[in-house]
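All heavy atoms count here, side chains included; hydrogens, waters and symmetry mates do not. When a residue number appears, it is its place in the shown sequence, counting from 1.
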Amino acid sequence: MDSCPSIKNILLLDSEGKRVAVKYYSDEWPTNSAKETFEKAVFSKTQKSNARNEAEIAMFENNIVVYKFVQDLHFFVTGGEYENELILATVLQGFFDAVGLLLRGHVEKKEALENLDLILLCLDEIVDGGIVLETDGNVIAGKVATQSIDSSAPLSEQTISQALATAREHLTRSLLT
């Protein structure tokens, strides 16, 4: 277990440091107020940086925090002080890419809140209990899209992957009956 990379939390905060979507995998922050205090402190420490083009790395309270900003959203991935920064950065990039795909390039707070279910599913596909499951944004977005398909929605309102999955489902049903 010690040799397996682990994630302590993944945070998606708005431009004021308020929660959009967060997931904790460590008991290091036992209460909600402790979690909020950590989020505010991390946001305060990083808000003046220019992590828009590439991810930045910071040490904070014996944790490595990798972060990236886009529009009014701030993405953070936290690991222990001895965790591999490249793995944390890969998890961050996978989360960032998957959210970008699921929000169809409109990565901003309003879209994120309207599609919060997809973002939370995204977090579940990336990490389970602190263990990294997947880091490829395309794979993550694909799994989330197939889980969240509403086959009753008109094809014109579905994403391409949702439309293909719906078509596949209808074809399978027609072949089996």
Side-chain angles (χ1 to χ4, degrees), residues 1-15 19-29 35 38-39 42-43 45-46 49-109 111-149 159-162 164-165 168:
M1 189 73 165
D2 290 337
S3 64
C4 188
S6 67
I7 304 298
K8 289 188 175 187
N9 62 46
I10 298 177
L11 312 173
L12 180 58
L13 306 176
D14 68 10
S15 59
R19 286 182 176 183
V20 175
V22 300
K23 195 85 174 209
Y24 283 81
Y25 309 100
S26 164
D27 296 333
E28 196 169 320
W29 304 275
K35 292 173 183 173
F38 175 78
E39 293 161 21
V42 166
F43 179 79
K45 180 175 173 108
T46 60
S49 83
N50 188 20
R52 298 218 176 262
N53 296 329
E54 292 185 26
E56 301 266 334
I57 300 171
M59 279 298 289
F60 186 76
E61 296 178 358
N62 295 327
N63 294 300
I64 297 172
V65 180
V66 182
Y67 57 96
K68 186 173 187 170
F69 309 149
V70 64
Q71 304 289 3
D72 56 354
L73 291 175
H74 295 221
F75 294 75
F76 299 89
V77 173
T78 306
E81 63 184 317
Y82 300 111
E83 206 56 66
N84 184 326
E85 295 92 348
L86 292 175
I87 291 173
L88 298 177
T90 304
V91 170
L92 175 75
Q93 192 62 48
F95 180 43
F96 180 82
D97 291 345
V99 169
L101 288 167
L102 292 166
L103 299 182
R104 296 178 200 78
H106 302 290
V107 183
E108 53 195 36
K109 181 181 176 184
E111 282 290 317
L113 290 173
E114 288 174 0
N115 294 285
L116 193 57
D117 58 334
L118 298 178
I119 291 173
L120 293 172
L121 283 171
C122 205
L123 292 173
D124 291 341
E125 289 296 331
I126 297 169
V127 177
D128 183 25
I131 305 301
V132 179
L133 300 176
E134 183 61 64
T135 59
D136 184 329
N138 292 318
V139 173
I140 297 162
K143 287 180 179 179
V144 168
T146 55
Q147 285 181 19
S148 63
I149 289 176
T159 65
I160 291 171
S161 59
Q162 288 173 325
L164 287 172
R168 193 177 319 118

Atom [atom1] of [X] and atom [atom2] of [Y]: how far apart are they, to the nearest 0.5 Å?
X	Y	atom1	atom2	value
D136	Q93	CG	CD	11.0 Å
E114	L103	CD	CG	9.5 Å
E111	L73	CD	CG	10.5 Å
I64	E85	CD1	CD	4.0 Å
E39	L12	CD	CG	10.5 Å
N115	L120	CG	CG	11.0 Å

Candidates V91, V77, L133 - the one meeting side-chain contact (heavy atoms from CB on, under 4.5 Å) with I126: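 By the side-chain contact (heavy atoms from CB on, under 4.5 Å) criterion, I126 pairs with just one of V91, V77, L133: V91.
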Reference residue L13; test side-chain contact (heavy atoms from CB on, under 4.5 Å); the match among V22, V42, V20: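 Looking at V22, V42, V20, the match for L13 under the side-chain contact (heavy atoms from CB on, under 4.5 Å) is V22.
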Got [X] and [Y] here, is their nearest side-chain heavy-atom distance under 4.5 Å?
X	Y	result
Y24	L11	yes
D14	D72	no
K8	N63	yes
T46	F76	yes
N84	P5	no
F95	I119	yes
K45	V65	no
L102	V144	yes

Test salt bridge (Lys or Arg N to Asp or Glu O under 4.0 Å) applied to D97 - qualifying residues, sequence neighbours left out: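 Counting only residues at least two positions away or on another chain, D97 forms no salt bridge (Lys or Arg N to Asp or Glu O under 4.0 Å).
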Testing the basics here: between [X] and [Y], what is the closest heavy-atom pair and its distance to 0.1 Å?
X	Y	result
S6	L88	O-CD2, 4.4 Å
F43	S15	CZ-O, 3.2 Å
L116	A21	CD1-CB, 3.9 Å
A89	V66	CA-CG1, 3.8 Å
Y67	A58	CE2-CB, 4.0 Å
G94	I140	O-CD1, 3.9 Å

Crowding at CD, E81 (>12 non-hydrogen neighbours, <6.0 Å):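 More than 12 heavy atoms, drawn from other residues, nucleotides or ligands, come within 6.0 Å of this atom.
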Row check, F96 ring normal vs K68 NZ/CZ: under 6.0 Å, within 45°: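 Flagged: K68 positioned over aromatic ring of F96.
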CA sep, side-chain torsions, deciding dist, call: E28, F38, side-chain contact (heavy atoms from CB on, under 4.5 Å): CA-CA 10 Å; E28 196 169 320; F38 175 78; over 6 Å; no
For E56, all residues meeting side chain to side chain donor-acceptor pair (under 3.5 Å), sequence neighbours excluded: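 For E56 there are no side chain to side chain donor-acceptor pair (under 3.5 Å) partners, ignoring immediate neighbours.
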